[in-house]
Amino acid sequence: MVELLLNAVINGILLGGVLALLAFGLNLIFGVVKIIHLAYGQCVMLGMYLIYTFVDLLGIPLIPACLLTLPLTGALGVALQWLVINPLLRAKANPLTQLLALAGLIIVFENLAQVIWGADLRGVKVPLPLINFGPIFLRASNLIAFFGALLTLLSLYLFLHKTYLGLAIRSTAQNVDSARLMGINPGLIYYTTMAAGGILTGIIAAFFSPIYAVHPHFGGSFTMMAFIIVVLGGMGSMLGGFIGAFIIGIVTSVTAVLTSTEMGEIVALVIFISVILVRPQGLLGIKISR
Amino acid sequence: MFSKLSLIILFAIIALFPHLFPSPYLIHIATLIFIWSFITTAWSYMGRFGLVSLGHGAFLGLGAYTSSLLFNHYGLTPWIGLLLGGLMAVLFAIIIGYACFRFGVIGDYFALLTLALGQVVALTIIAFRDITGGSLGFTLKSKGTSLLYLQSEEKIHFYYLSLGFLILAMLVWKWIDRSKMQKALRAIGEDEIAASTLGIGIIRYKMIITMISAFMTAVGAVLYAQYVTYLNPFTLSGVVASLEIAFKAILGGMFSLWGPTVGTALIIALEEYIRVSYGGKFVGFSQIIYGAALVLLIIFLPKGIYGTLQQFFQRKK
Amino acid sequence: MLEIKSLNVYYGEFQALFEVSLRVLEGETVITVGPNGAGKSTLLKTISGLFRPRSGTITFLGKRIDGLPAHRIVEMGIAQVPEGGWLFPQLTVLENLKVGSYLKGSRREYAPTLKDIYRLFPILDERKKQVADTLSGGERQMLAIARSLMSRPKLILLDEPSSGLAPRVVSRVFEFVKQIKATGYAILMVEQNVRKALHLSDRAYLMESGRVHKEGVRQSFLDDPYIKKAYIGL
């Protein structure tokens with residue numbers, strides 16, 4: 001029993017790493033473009049489908065396929081900014097309208113996937129070994145994902161804090177008009193952010209591909225998970241998202257092992273609802289007046 | 001927008017429709033439109049006042065599953081089942097509604113919260129798969145054509161029944177529109193803080209409208225379950241079902257009486273057209289178009305198709 | 001170097017500026033005074049590109065800048081210190097200064113410019129790792145002005161630098177403005193503290209209700225009885 005729990009906790013932590021990436025992307029986009037990207041999980045899904053297409057249908061080996069997918073998912077982010085977000089910003093849509101528009105995108109992406117790739121599960125068959133340390137069994141794919149995620153987070157942190165562009169992005173998030181007065185072009189920053197967010201979905205897709213099979217509704221539970229994390233950690237707080245990811249990763253993993261996968265999700269959803277009710281700014285977020 | 005005369009003519013056409021065009025397929029589509037219009041109109045009771053719920057799937061699930069499980073296992077007539085299902089939905093609405101309104105959750109946070117709720121109900125239904133059949137759903141026991149058990153082998157019965165329900169939903173809409181509640185909720189929708197200083201019982205009015213919406217949505221779900229005699233958690237609960245309700249209402253225009261019906265009719269007609277013309281494989285296509293159209297519409301026509309037309313005609317006067 | 005002719009600016013249907021014309025010559029310090037709501041802030045924000053005029057022209061160093069987006073106007077050499085400073089609250093003092101030299105041209109000069117700024121404002125060097133939100137009012141204003149200098153502008157727009165500050169701090173802020181003026185920058189300043197501002201200025205404009213009511217050299221303002229009574233309180 002203890003071993004089972006231990007395994008669940010460890011795997012939860014490993015999962016938490018990639019969830020932290022997901023939360024980071026959402027927080028970045030929310031902080032800079034000020035939009036709740038409801039269809040983020042679906043973007044990851046599309047990334048996974050692209051990788052599958054490259055590997056299974058075009059015979060490209062896994063790693064080049066992943067690398068090839070990154071600019072494509074980045075371009076998707078840019079396209080979203082251009083076609084959906086810019087019009088929303090121009091029309092000065094209220095947050096609810098933005099939410100609904102992005103929810104509409106969920107329907108578009110899921111059905112796009114269904115039309116192009118069909119409703120069945122599609123997987124990249126890459127056999128990776130199971131490593132064990134005593135009573136703990138770890139999949140190599142999960143380990144790679146975990147360390148890869150940490151590495152990515154570190155790079156993103158360095159980018160945001162040590163480069164001029166990163167500084168410009170952080171400034172735009174804090175006061176967009178003031179950023180303008182510094183010579184920063186907010187439009188360019190939005191595109192950059194959405195491109196970065198897009199590339200991030202490609203990276204996450206790369207880590208997920210050896211672990212999960214993809215289907216048109218795959219994005220759904222991950223988007224929900226990502227939102228739960230972002231709200232728990234506090235919208236806009238990178239550190240909060242990081243911590244939240246591990247909490248949710250562990251809680252879902254343990255609950256799923258003890259009861260069922262659905263219960264795991266239900267527990268996460270209940271946490272989400274409670275946070276919204278009781279402490280909407282989450283653990284580390286900024287207090288938002290409603 | 002519709003004068004009394006045109007309403008009468010419209011009603012006459014709809015009433016005589018099955019006799020003029022006795023195509024079971026068209027009657028089926030019309031019935032579906034009536035049932036979902038009933039549900040989307042009930043949704044709009046909340047939506048038009050700023051309480052945009054993306055979790056009405058929860059009420060669908062509670063209503064349909066309560067009634068249908070009681071029927072399948074205990075032979076309870078769906079007429080009572082519908083009341084019980086509605087009651088379950090209302091109880092759920094009371095608990096969640098009170099928590100939300102008490103804690104001042106509004107706008108997009110409210111929408112996200114309801115989204116999670118719809119999903120919780122769906123997951124719960126799936127989790128109890130021994131009773132509910134999980135993601136595969138279950139079928140209602142057949143009782144042939146029976147008014148008592150709200151089933152029929154003649155499509156035309158449900159045509160008129162659901163039409164009746166739709167008219168009821170519209171009458172309730174009108175009743176709400178004329179009541180004191182409407183003014184209060186409008187004020188709340190526009191500026192909650194100002195409204196509260198005027199002494200308007202914010203929580204009370206929000207609760208009432210939520211309860212009405214919940215009850216009727218659940219009833220609509222029972223109607224649907226009885227018509228298709230099959231339940232499954234993806235159609236009758238969860239994220240997608242909830243979003244579809246909201247979208248149909250918003251597309252048509254959630255602030256007007258006919259808006260949700262117009263939106264529902266357009267979407268169902270579009271889906272059917274594509275299914276028929278291109279076969280089931282391309283059902284996804286219709287959804288893509290409808291999702292994209294929705295995104296565009298939400299951005300450019302916040303009052304929906306019907307609402308914008310209504311505004312347009314009013315200006316012409 | 002800055003020439004504004006017949007500027008009309010609207011907020012929706014409400015007109016804020018009526019046929020405003022104004023000039024700033026190289027190296028000059030020009031101040032605009034007037035009561036609250038006279039449109040002084042609107043004027044500055046229109047020059048820096050945050051607002052678009054409905055009609056009229058703004059020319060800077062011979063080029064038309066009205067209608068250009070704000071970030072391009074900054075590129076051309078105009079820096080604005082808005083009222084309250086508009087610092088980036090969660091960035092440190094150093095980071096705020098660094099953003100000031102975001103423009104490609106200024107980046108090359110970043111290190112030497114930073115040194116100059118620290119000499120002018122030594123307290124910013126002390127507090128360079130401190131988050132901007134935690135500074136006092138006077139320090140914030142100092143940082144805001146310093147930040148605007150990081151882009152080595154040709155014209156500085158100062159919007160009510162003394163607003164919200166204690167009198168002693170206000171004196172210090174004006175000391176800095178004097179130092180900046182001495183370095184040769186052209187300054188267009190909007191101020192409610194007319195007496196102190198006038199002493200710094202070469203020329204002045206009086207704005208009321210969105211219109212320019214008077215223009216003149218410093219002395220003419222100091223001698224004007226209406227201004228003395230209404231704004232200087234003598």
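Since the structure is predicted, the reported quantities are computational estimates derived from the model, not experimental observations. Chain letters run A, B, ... following the sequence lines, proteins first, then strands; residues in each count from 1.
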query = Which pair of heavy atoms, one from A:Arg180 and one from C:Val74, lies closest together, and at what distance?
reply = O-CG2, 3.6 Å
task = Spell out the residues in residues 48-68 of chain C that have some non-hydrogen atom less than 4.5 Å away from a non-hydrogen atom of chain A, in order of number; otherwise answer 'none'.
result = C:Ser48, C:Leu50
inquiry  = Can you confirm whether C:Gln179 is buried at CD, in the sense that more than 12 heavy atoms of other residues, nucleotides or ligands lie under 6.0 Å from that atom?
reply    = yes
message = For C:Gln80, which atoms come within 4.5 Å of any heavy atom of chain A: side chain, backbone, both, or neither?
response = both
inquiry  = Sort by residue number and list every residue of residues 103-110 of chain C having at least one heavy atom under 4.5 Å from chain A.
reply    = C:Leu103, C:Arg107, C:Tyr110
query = What parts of residues 167-177 of chain A touch chain C if we use heavy atoms and a cut-off under 4.5 Å?
reply = A:Leu167, A:Ala168, A:Arg170, A:Ser171, A:Gln174, A:Asn175, A:Asp177
ask   = Under a 4.5 Å heavy-atom cutoff, which of C:Lys45, C:Arg147, C:Glu75, C:Met150 has the most pairs with chain A?
value = C:Arg147
Would you list the atom pairs, donor with acceptor, under 3.5 Å between side chains in residues 182-207 of chain A and any protein atom, with sequence neighbours excluded?
residue	atom	partner	partner atom	Å
A:Asn185	OD1	A:Gly187	N	3.1
A:Asn185	ND2	C:His71	NE2	3.3
A:Tyr191	OH	A:Asn86	ND2	3.1
A:Thr192	OG1	A:Leu188	O	2.7
A:Thr193	OG1	A:Ile189	O	2.7
A:Thr201	OG1	A:Gly198	O	2.4

inquiry  = Under 4.5 Å from any heavy atom of chain A, what part of C:Pro89 do you find: side chain, backbone, both or neither?
reply    = both
key: Over 12 non-hydrogen atoms of neighbours within 6.0 angstrom of NZ in A:Lys34   = yes
ask   = Quick check: are there more than 12 heavy atoms from other residues, nucleotides or ligands sitting under 6.0 Å from CZ of A:Phe159?
value = yes
Portion of C:Ser148 that has a non-hydrogen atom of chain A nearer than 4.5 angstrom = neither
